[in-house]
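Single-structure report; data block below.
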Number of protein chains: 2
Amino acid sequence: MTFETGDISTILHQNFPQIAERELQAEVAENGQLMHFRAGEVIMDYGSYIKMVPLIIKGSIRVTKEDDLDGKEILLYFLSAGDTCSMSFSCCMMNKKSMIRTEAVEDTTMIGIPIRYVDQWMSKYQSWKNFVMLSYDNRLIELVKVIDSIAFNNMDQRLQEYLNARQEATGNALIEATHQEIANDLNASREAISRLLKKMENLGKVELGRNQVRLL
Amino acid sequence: MTFETGDISTILHQNFPQIAERELQAEVAENGQLMHFRAGEVIMDYGSYIKMVPLIIKGSIRVTKEDDLDGKEILLYFLSAGDTCSMSFSCCMMNKKSMIRTEAVEDTTMIGIPIRYVDQWMSKYQSWKNFVMLSYDNRLIELVKVIDSIAFNNMDQRLQEYLNARQEATGNALIEATHQEIANDLNASREAISRLLKKMENLGKVELGRNQVRLL
DNA sequence: AATACTAAGTGATACACATCACCGATTTTT
DNA sequence: AAAAATCGGTGATGTGTATCACTTAGTATT
């Protein structure tokens, strides 16, 4: 991870147009910190305390939850440019340990907002309050979708949704991942995923290669 | 459903001590509306628009999500006294259709807050803002727990958790429900639930009767 | 009291996916 | 170039739960 104090206000304007007030933009530029993460890097791990709320401006992030017992893991959702991590809000505000892990899927850049401002700006700037509320809202919806998917769908549908979500997050039809990684994200077995991917290939839905799946 | 304009400020004080500011309490008392629902009554259904955010002061509520396709349903969580419905916030604010159904498990009383105040008070009262944020937070955690449970646990564990959650919501070890109802909440088959309950009875964990399960 | 209904118990079978065991292909390390 | 590691494919078998078909036990209706 590397820090930087680049031209935040320009970047902010492009990726977070909702953050409208001039004064707020200035505050973000002043207090926010540009942060870079390499693909695969763990941004925040289970049980860690969070000191910043991220505004993602480039790249994508995988958010996962670990089983308390046997260390199995399941993907909750992906985040990409224009997103923030609602889970962070609560963790920050309550000063609680993180119950999730966030990990860069691609090289990722974000603006880190120190927690004290996150709360302060809520009362001060209408657009920040709306932004935060909307983010929470989106996350609730996303989580309900995950529940829906796990509860009602078979693995083939979940796999298809997963690949779609991943394509959307990275903006790339080529997904670089091993079958094992995909299986982990879906809390499934590698063999099952391999067989389903093969089936999808036969149906002309994907092209398979070593470490890659291309959506057609 | 019946309306009433009782002594809201006393009730409020007992169930929502976090709502601290005098002025805010007065506003709630002035603008809030006491509402009663009978056990089994649907408070809000899928696709409906919401005009109030509820502060629950008595009873308990089941919150469910329906499958888009074949109308199957799964329980998200229970709400009880001291809770509010975070899902309502977002639906209200965005003026979106509800993606969930809420239904009284027992006879339930709540204070309905018209949506315009919910947003307004966020900027005006620190304690209201904290209350709203904390509620969102609790809901996120609850949903992640549901995902955890569905993804990692077998039906016997899920059933145990369900019975515990229901006991906690109603404060009663006697759960009045048919096996079919329980199966619906868990998106399982009645036969599976019957067999598991029987197993739990043999293990001395519950006592079974027609339409009831008593936790031991 | 007879009838019909609803809830619950139970065996047989079906199906999705996990697990196990192994193999061949490709890539990385030495 | 050889050895080791990783990745993916595939058959056999196991397990949890759904589904189907039926029975028994209460409860409500007539």
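The chains referred to below are lettered A, B, ... by the order of the sequence lines, with proteins before strands, and numbering in each begins at 1.
Taking atom CZ of residue B/F152 and atom P of nucleotide C/dC17, one finds them 17 Å apart after rounding to whole Å. As a whole-Å value, the separation of B/M200 CE from C/dG9 P is 13 Å. B/Q157 has its CD atom 15 Å from the C1' atom of D/dT15, to the nearest Å. When rounded to the nearest whole Å, the span between CG of B/L159 and C1' of D/dG16 equals 15 Å. For B/D156 and D/dG16, the CG to P distance is 9 Å, given to the nearest whole Å. B/I150 places its CD1 atom 15 Å from the C1' atom of D/dT17, with the value rounded to the nearest Å. Atom CD1 in B/I193 sits roughly 12 Å away from atom C1' in D/dA18 (whole-Å rounding). The nearest whole Å value for the distance from the CE atom in A/M155 to the P atom in D/dA18 is 15 Å.
A heavy-atom distance below 4.5 Å is found between the side chains of A/D67 and B/D148. For the pair B/L163 and B/M200, the minimum side-chain heavy-atom distance is below 4.5 Å.
By the 30° and 60° cut-offs, the orientation of the rings of A/F16 relative to A/F131 is perpendicular.
Contact of A/R195 with C/dT19 (side chain to base): a donor-acceptor pair of N or O atoms is detected under 3.5 Å. Below the 3.5 angstrom threshold, one finds a donor paired with an acceptor across the side chain of A/R210 and the base of D/dT6.
For the OP1/OP2 pair of D/dG8 and a distance below 4.0 Å, the side-chain nitrogens and oxygens of A/K198 include no atom meeting the criterion. In this model, the phosphate group of D/dG9 is approached by a side-chain N or O of A/S194 to a distance below 4.0 Å at OP1 or OP2.
A/M110 pairs with exactly one of A/L34, A/V53, A/I43, A/D83 by the side chain to side chain contact (heavy atoms under 4.5 Å, CB included) rule, that one being A/I43.
Non-hydrogen atoms lying under 4.0 Å from DNA chain C are contributed by B/T178, B/H179, B/R190, B/E191, all within residues 175-192 of chain B.
Looking at which nucleotide of DNA chain C each of B/Q212 and A/N211 is closest to, the 5′-most match is held by B/Q212.
A/R166 and A/Y162 share a side-chain donor-acceptor pair at under 3.5 Å. For the residue pair B/S149/B/E161, the side-chain donor-acceptor check at 3.5 Å is satisfied. For the residue pair B/N184 / B/Q180, a side-chain donor-acceptor distance below 3.5 Å is found, with atom types taken as modelled.
Set against C/dG9, D/dT10, C/dA16, the side chain of B/L208 has C/dG9 as its closest nucleotide. In the set C/dA16, C/dA7, C/dA12, C/dA16 carries the atom at the smallest distance from any side-chain atom of A/N154.
Side chain of B/T84 to main chain of B/L55: no donor-acceptor pair is present (N/O by atom type, distance under 3.5 Å, no hydrogens or angles). Using modelled atom types, no side-chain atom of A/N138 and backbone atom of A/S135 make a donor-acceptor pair closer than 3.5 Å. The closest donor-acceptor contact from the side chain of B/W128 to the backbone of B/I19 lies at 3.5 Å or more, if one exists at all.
For the helix from C/dA1-D/dT30 to C/dT30-D/dA1, the end axes, each set by the C1' atoms of five terminal pairs, are bent relative to each other by 30° (nearest 10°).
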